Amino acid sequence: MSAHTASPDTRDDAPPFRYTAALARDIELRWQDWWSEHGTFETPNPAGSLADANLAAARGDKLFVLDMFPYPSGAGLHVGHPLGFIGTDVFARFKRMTGHNVLHTMGFDAFGLPAEQYAVETGQHPAITTDQNITTYRRQLRRLGLAHDPRRSISTTDPDYYRWTQWIFTQIFNAWFDPDAPHDDGVGRGKARPIGELVAEFEIGARPTPDGRDWHTLTTAEQRAVIDGYRLAYVSDAPVNWCPGLGTVVANEEVTADGRSDRGNFPVFKRNMRQWMMRITAYADRLIDDLELLDWTDAIKAMQRNWIGRSEGANVHFPITMNDGRAGDITVFTTRPDTLFGATFMVLAPEHPYVDELTTVDQAAAVADYRRQAASKKDVDRQDENREKTGVWTGAYATNPLSGEQIQIWIADYVLMGYGTGAIMAVPAGDQRDFEFARKFGLPIPAIQEPPAAWFGHRGIEPTIDTSQWPEAFIGDGTYVNSSNDTLDLNGIDNKTDGIATVNAWLEQTGRGEATITYKLRDWLFSRQRYWGEPFPVVYDADGYPHTLPDSMLPVELPETDSFSPRTFDPDDEFSNPESPLDRLDDWVTITLDLGDGPQEYRRDTNVMPQWAGSCWYQLRYCDPSNTEAFIDPVVEEYWVGPQPDARPDHPGGVDLYVGGVEHAVLHLLYARFWHKVLYDLGHLSSKEPYARLFNQGYVQAYAYTDDRGVYVDAKDVEERDGAYFLGDRPVDREYGKMGKSLKNSVSPDEMYDAYGADTLRLYEMATGPLDASRPWETRDVVGMYRFLQRLWRNLIDEQTGECIVVDEPLSDELTKQLHRTIDVVRTEMDALRFNTAIAKLIELNNAVTKLGHTPRAVAEPLVLMAAPLVPHVAEELWRTLGHDDTVTYLPFPEADAQYLVDDTVEVPVQINGKVRSRIVVAAEADRATMEATALADDKVVAAIDGAEPKKIIVVPGRMVNIVV
RNA sequence: GCCCCGGUAGCCCAACGGCAGAGGCAGCGGUCUCAAACACCGUCAAGUGUGGGUUCGAAUCCCACCCGGGGCACCA
């Protein structure tokens with residue numbers, strides 16, 4: 001529907017000074033140059049290289065507005081990308097005009113898989129493609145007229161930037177998590193401390209070594225091993241997600257629900273490998289608890305809570321006897337210790353280490369067979385909920401610690417080794433999976449709670465504790481039955497909370513178990529076997545122990561090489577092995593350094609960091625981009641992102657407004673919060689959270705079309721005929737989805753600049769709906785905003801001569817009122833990011849001016865100033881035309897005079913029985929009695945009531961009257 | 001299955017529990033034009049997804065359900 005994007009004014013007889021696309025282009029390019037030359041959007045800092053403390057104070061209160069870090073894609077921008085960028089720009093510009101020192105800039109998240117994949121596809125070095133893409137992005141963003149401070153724009157690929165990413169890594173590596181350390185604010189415990197303090201505790205014997213030996217009797221290597229086991233960044237040999245199709249391992253957060261990589265959609269396999277991990281699990285509680293301090297949507301908070309998956313319950317020890325006669329116990333994790341009396345069997349994951357030691361001779365063949373089957377299944381398949389339950393008995397028994405009964409030990413693949421302890425107690429009466437399993441294998445299902453009558457009612461059965469009558473397990477609050485032993489009695493308790501507390505106390509008292517918490521969150525797999533990322537600032541000594549490099553040796557620059565392509569494999573080749581491109585660079589890998597013990601030969605780490613590393617702290621660098629002494633000056637940090645106790649006593653600090661899509665809920669947003677908290681704990685930051693307020697913008701969606709093979713075709717080439725859609729002669733099917741490359745439904749902003757100009761595009765994107773709503777792109781609707789700008793222009797400028805035609809005459813009372821009401825609403829709506837309603841009010845005011853036939857200066861000037869955040873170029877031009885010579889950027893936003901916001905008289909509806917039957921005009925401050933009397937005297941009301949006696953009369957002063965008859 | 005978000009005119013969207021309409025698109029009629037496009041002026045348009053409930057009064061609050069979008073899911 002390329003025809004739609006042609007400019008509406010293609011004729012050649014347009015008035016010479018009409019606001020056309022060509023004129024808009026001229027104005028926009030001119031002002032963009034002017035802003036650059038004058039450094040209009042440069043924002044002063046309180047200290048450091050960008051300091052101008054006086055100017056900062058003059059600008060007003062600080063405000064940090066941030067867009068999610070864009071990846072500069074090779075395809076350039078489409079009109080969906082800038083939705084959030086324009087929103088933050090309008091907000092930031094508005095706030096500048098209401099007395100704020102606003103920090104707003106944009107850099108590039110240019111390391112990582114997408115950038116590298118693009119380079120591999122195009123056969124060019126990623127450094128080249130990345131530079132090109134950033135250049136394209138900068139051009140397209142500049143063309144939008146975004147008021148960014150260009151001095152603060154950074155790229156994660158700049159050595160000056162990743163020097164500090166590497167420095168932060170060394171901070172994390174050289175730190176450990178002390179679960180007992182009190183927080184700085186005195187509330188709660190658990191924080192990161194420098195690793196040196198741990199060493200000191202071992203040395204003076206304040207902390208016992210893991211195996212109890214005296215620290216000083218350990219060999220140096222043993223001491224290293226102990227210390228490394230505490231670090232927040234550590235090398236671990238554990239199950240990781242190996243993705244042969246990408247040639248690298250990836251984090252849990254990068255694996256989709258169906259077991260594939262979120263980049264490239266390749267299969268992912270669980271494999272034991274030696275990899276760098278980040279101990280994010282240590283922060284699980286704080287990452288959940290501090291969500292309370294954040295002004296984020298409930299949806300995002302829920303996603304983070306869900307991902308961290310904190311689950312409170314108890315570990316319970318079930319005594320067993322091994323095949324060799326040794327006594328032991330199997331520990332299970334349960335969230336329902338109150339149902340322990342109903343545990344009639346136990347299920348181990350097939351991989352559980354005790355299986356061999358428990359399986360009886362009779363069952364050995366069946367168990368071996370089952371384990372083989374389970375091993376051949378992928379995790380994804382094992383987790384398909386609809387699968388029929390399978391499992392085999394090991395032949396062994398455990399003792400239920402509460403009932404004392406002997407219960408069978410089974411293995412089944414619905415129990416996962418990676419969660420809890422890899423073993424469960426099965427309570428078939430109280431857990432649906434266990435219920436199904438017990439039914440299938442004929443295991444006992446004793447009732448341990450009596451469900452409420454309603455439960456039976458819903459299922460159409462009579463209340464009974466004979467579970468053979470039950471269609472499913474009962475989960476909820478019910479009165480306990482069959483739940484007592486000599487020292488514990490739950491019978492009669494009617495709710496879970498009390499039941500759980502009672503059992504937990506008994507477990508701890510008797511040593512049979514203890515209350516505990518488990519998490520779904522795993523440690524963050526941090527190394528990638530790729531080229532295009534930050535090298536680890538790590539070398540290994542002759543004994544294989546890792547050392548971080550001192551600050552003076554940073555950055556570790558990514559070595560130049562032409563063989564940057566990773567070794568990738570058949571995506572299904574599970575048993576392939578990663579090969580990092582840096583491994584091939586022998587000259588680089590081997591290095592002689594003096595790390596304090598004299599020159600020695602070391603081997604560099606050849607992994608690179610994941611894409612998410614650079615985005616964990618970029619907003620801090622925006623604050624202080626050229627600091628060579630620190631990643632951020634503490635004074636600057638406190639100014640821009642420090643806590644604001646005036647706003648609320650427990651304000652955590654962080655960016656004032658962060659706008660981006662919802663897709664980073666458990667990736668970037670979780671990792672960034674984690675790094676921020678570590679840096680806070682180590683005393684480098686005053687803020688404990690990176691993003692105080694998060695706003696999720698909607699997506700721009702568009703129709704997409706598939707041909708008869710189901711392949712997407714270019715939406716631009718599709719035509720509509722008689723309600724059907726065709727590509728040439730071939731009919732195509734219409735779909736609808738997020739604009740982008742994959743659906744081939746992108747519209748480029750360049751097309752919009754050519755047809756209408758950037759101001760129209762900005763206005764259209766903001767007018768189509770509230771910022772958090774997804775909306776369809778309709779190119780043919782854009783013209784509405786273009787017409788508005790043309791009318792605004794025509795109200796101020798003669799289209800034939802280009803002269804300013806505003807007149808100096810007083811405003812009518814009516815227009816004065818409308819102006820002040822508009823100001824009032826526009827201020828409120830812009831402040832709340834509801835630009836669509838602000839725009840509607842401006843159009844209304846402009847339409848009123850149009851009707852006047854001439855434009856008084858007293859309305860023209862505030863109209864231009866109010867439009868300025870939305871359409872900055874044309875606003876600057878009109879402001880010039882009005883005879884001023886300053887930029888509108890820092891002019892005060894118009895203020896409404898309260899006296900014009902109230903009416904002397906109001907028209908209010910009169911309802912009879914809730915239906916509007918008439919309207920009356922009363923004084924605005926008329927009291928109830930006056931309104932009631934006026935209403936009852938109204939002709940239509942008299943007629944409607946028809947002599948009936950009102951039963952009740954409701955009067956809302958200034959609003960309405962309702963007469964009930 | 002569970003958790004979020006949303007369903008108002010042909011379309012996109014407004015509406016402190018109080019007159020369903022601010023704005024835009026499309027449609028229709030007109031002005032301009034040889035004609036058209038552009039521009040301008042005017043105009044039409046739904047009773048708010050469905051069913052209950054609370055209330056003097058419900059798009060708005062509550063309950064159940066339907067539809068669309070997003071997230072999570074043998075998590076013990």
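Source: prediction; values computed, not measured. Just so it is clear: chains get the letters A, B, ... in the order the sequence lines come, proteins before strands, and each one is counted from 1.
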Measure from the side chain of Asn962(A), starting at C-beta and using heavy atoms only, and say which of rC56(B), rC75(B), rC74(B) lies closest.
rC56(B)
Exactly one candidate in Val782(A), Ile86(A), Val874(A), Leu870(A) meets side chain to side chain contact (heavy atoms under 4.5 Å, CB included) with Leu763(A); the answer is Leu870(A)
Applying salt bridge (charged side-chain N to carboxylate O under 4.0 Å, His left out) to Glu254(A) and not counting sequence neighbours gives Arg528(A)
Which nucleotide in the set rC12(B), rG18(B), rA39(B) lies at the smallest distance from any side-chain heavy atom of Arg787(A)?
rA39(B)
Name all residues meeting the side chain to side chain contact (heavy atoms under 4.5 Å, CB included) criterion together with Gln818(A); count only those two or more places apart in sequence or in a different chain, and write none if there are none.
Leu815(A), Thr822(A), Glu844(A), Leu845(A), Ala848(A)
Using a 4.0 Å heavy-atom cut-off across all strands, classify Ile954(A) as base, sugar-phosphate, or nothing.
base
Distance, P atom - from rG7(B) to rG17(B), rounded to whole angstrom
15 Å
Could you tell me the separation between the CG atom of Leu792(A) and the P atom of rA39(B), rounded to a whole number of Å?
16 Å
Among Val332(A), Ile409(A), Asp329(A), which residue satisfies the side chain to side chain contact (heavy atoms under 4.5 Å, CB included) criterion with Phe318(A)?
Val332(A)
Kindly point out which of rC75(B), rG18(B), rC12(B) is positioned nearest to the side chain of Lys520(A)?
rC75(B)
Identify whether any heavy atom of Thr421(A) sits under 4.0 Å from a base atom; if not, whether one sits that close to sugar-phosphate; answer base, sugar-phosphate or nothing.
nothing
Carefully, step by step, assess Thr850(A) and Asn847(A) under the rule side chain to side chain donor-acceptor pair (under 3.5 Å).
CA-CA 5 Å; Thr850(A) 305; Asn847(A) 287 348; 4.7 Å; no
Would you say Arg791(A) reaches rC40(B)'s phosphate, i.e. side-chain N/O to OP1/OP2 under 4.0 Å?
yes
Span that lies between the C1' atom of rU60(B) and that of rG49(B), in whole angstrom
16 Å
Options rA26(B), rA22(B), rG18(B), nucleotide nearest the side-chain atoms of Thr837(A)
rA22(B)
Take atom P in rC67(B) and the same atom in rG10(B), then report the distance between them in whole Å.
23 Å
C1' atom, rU55(B) versus rC61(B): distance in rounded Å?
10 Å
Distance between P atoms of rC16(B) and rC62(B) (Å, rounded):
16 Å
Minimum-distance nucleotide (side-chain atoms of Asn306(A) versus rA39(B), rC72(B), rA76(B))
rC72(B)
Short N-O contact, Asp938(A) and Lys940(A), less than 4.0 angstrom:
no
Can you tell me the distance, in whole Å, between the CE atom of Met785(A) and the P atom of rC25(B)?
7 Å
Answer with base, sugar-phosphate or nothing: what part of the nucleic acid does Lys301(A) contact at a heavy-atom distance below 4.0 Å?
nothing
Tell me what Thr297(A) touches on the nucleic acid: a base, only sugar-phosphate, or nothing, going by heavy atoms under 4.0 Å.
nothing
Round to a whole Å and report the spacing from CG of Leu416(A) to P of rA73(B).
12 Å
Distance between the C1' atoms of rA45(B) and rC11(B), in whole angstroms?
12 Å
Listed in order of residue number, which residues of residues 428-435 of chain A have a non-hydrogen atom at under 4.0 Å from RNA chain B?
Arg433(A)
When both hydrogen-bonding distances must be under 3.5 Å and the geometry is Watson-Crick or G-U wobble, what is rG10(B) paired with, if anything?
rC25(B)
So does Lys389(A) reach the base of rC74(B) with its side chain, donor to acceptor, closer than 3.5 Å?
yes
Between rG18(B), rC72(B), rG24(B), which nucleotide has the shortest distance from any of its atoms to the side chain of Asn847(A)?
rG24(B)
Could you work out the separation of rA26(B) and rG68(B) based on their C1' atoms and round it to a whole Å?
23 Å
Quick one: classify the glycosidic conformation of rG47(B) as syn or anti, with syn meaning within 90° of 0.
syn
Output field: ring centroids Tyr764(A)/Tyr756(A) closer than 6.0 Å:
no
Tell me the interatomic distance from Tyr786(A), atom OH, to rC38(B), atom C1', rounded to whole angstroms.
9 Å
5'-most contact on RNA chain B: Asn836(A) or Val961(A), nearest heavy atom basis?
Asn836(A)
Nearest-neighbour nucleotide for the Asp413(A) side chain, rC56(B), rA76(B), rC74(B) considered:
rC74(B)
Angle between ring planes, Phe437(A) versus Trp410(A), binned at 30° and 60°: parallel, tilted or perpendicular?
perpendicular
Mind checking Val956(A) for me? I need base, sugar-phosphate or nothing, with any heavy atom below 4.0 Å counting as a touch.
base
Which residues satisfy the side-chain hydrogen bond (donor to acceptor under 3.5 Å, both in side chains) test with Thr837(A), sequence neighbours excluded?
Glu829(A)
Test of understanding: with side-chain hydrogen bond (donor to acceptor under 3.5 Å, both in side chains), list the residues that count as partners of Lys817(A), not counting sequence neighbours.
Asp903(A)
Ile308(A) has an atom CD1; how far is it from atom P of rC75(B), in whole Å?
19 Å
Closest approach to the side chain of Tyr414(A), judged atom by atom: which nucleotide of rA39(B), rA76(B), rC74(B) is it?
rC74(B)
Residue-phosphate contact under 4.0 Å: Thr20(A) side-chain N/O, rC38(B) OP1/OP2
no
When the aromatic ring centroids of Phe441(A) and Phe345(A) are compared, is their separation below 6.0 Å?
no
On a whole-Å scale, what distance lies between the C1' atoms belonging to rG30(B) and rG70(B)?
47 Å
Tell me: CD of Glu844(A) to P of rA14(B), nearest whole Å?
15 Å
Short side-chain N/O contact to rC41(B) OP1/OP2 from Lys851(A), under 4.0 Å
no
Of the options rA22(B), rA76(B), rC12(B), whose atoms approach the side-chain atoms of Ala840(A) most closely?
rA22(B)
How would you summarise protein contacts on nucleotides 3-10 of chain B per nucleotide, using B for base, S for sugar-phosphate only and - for none, with heavy-atom distances below 4.0 Å?
-S------
Whole-Å distance between rC56(B) C1' and Met960(A) CE?
8 Å
Side chain of Lys952(A), heavy atoms from C-beta onward: which of rA76(B), rC25(B), rC56(B) has the nearest atom to it?
rC56(B)
Do Thr768(A) and Arg775(A) have side-chain atoms, one donor and one acceptor, less than 3.5 Å apart?
yes
Trp307(A) side chain vs Leu667(A) backbone, donor-acceptor pair below 3.5 Å
no
Please give, in whole Å, the distance from rC72(B) C1' to Glu253(A) CD?
14 Å
Side-chain donor or acceptor of Glu663(A) under 3.5 Å from a matching atom on the base of rG70(B)?
no
Select base, sugar-phosphate, or nothing to describe what Glu778(A) touches, counting heavy atoms under 4.0 Å on all strands.
nothing
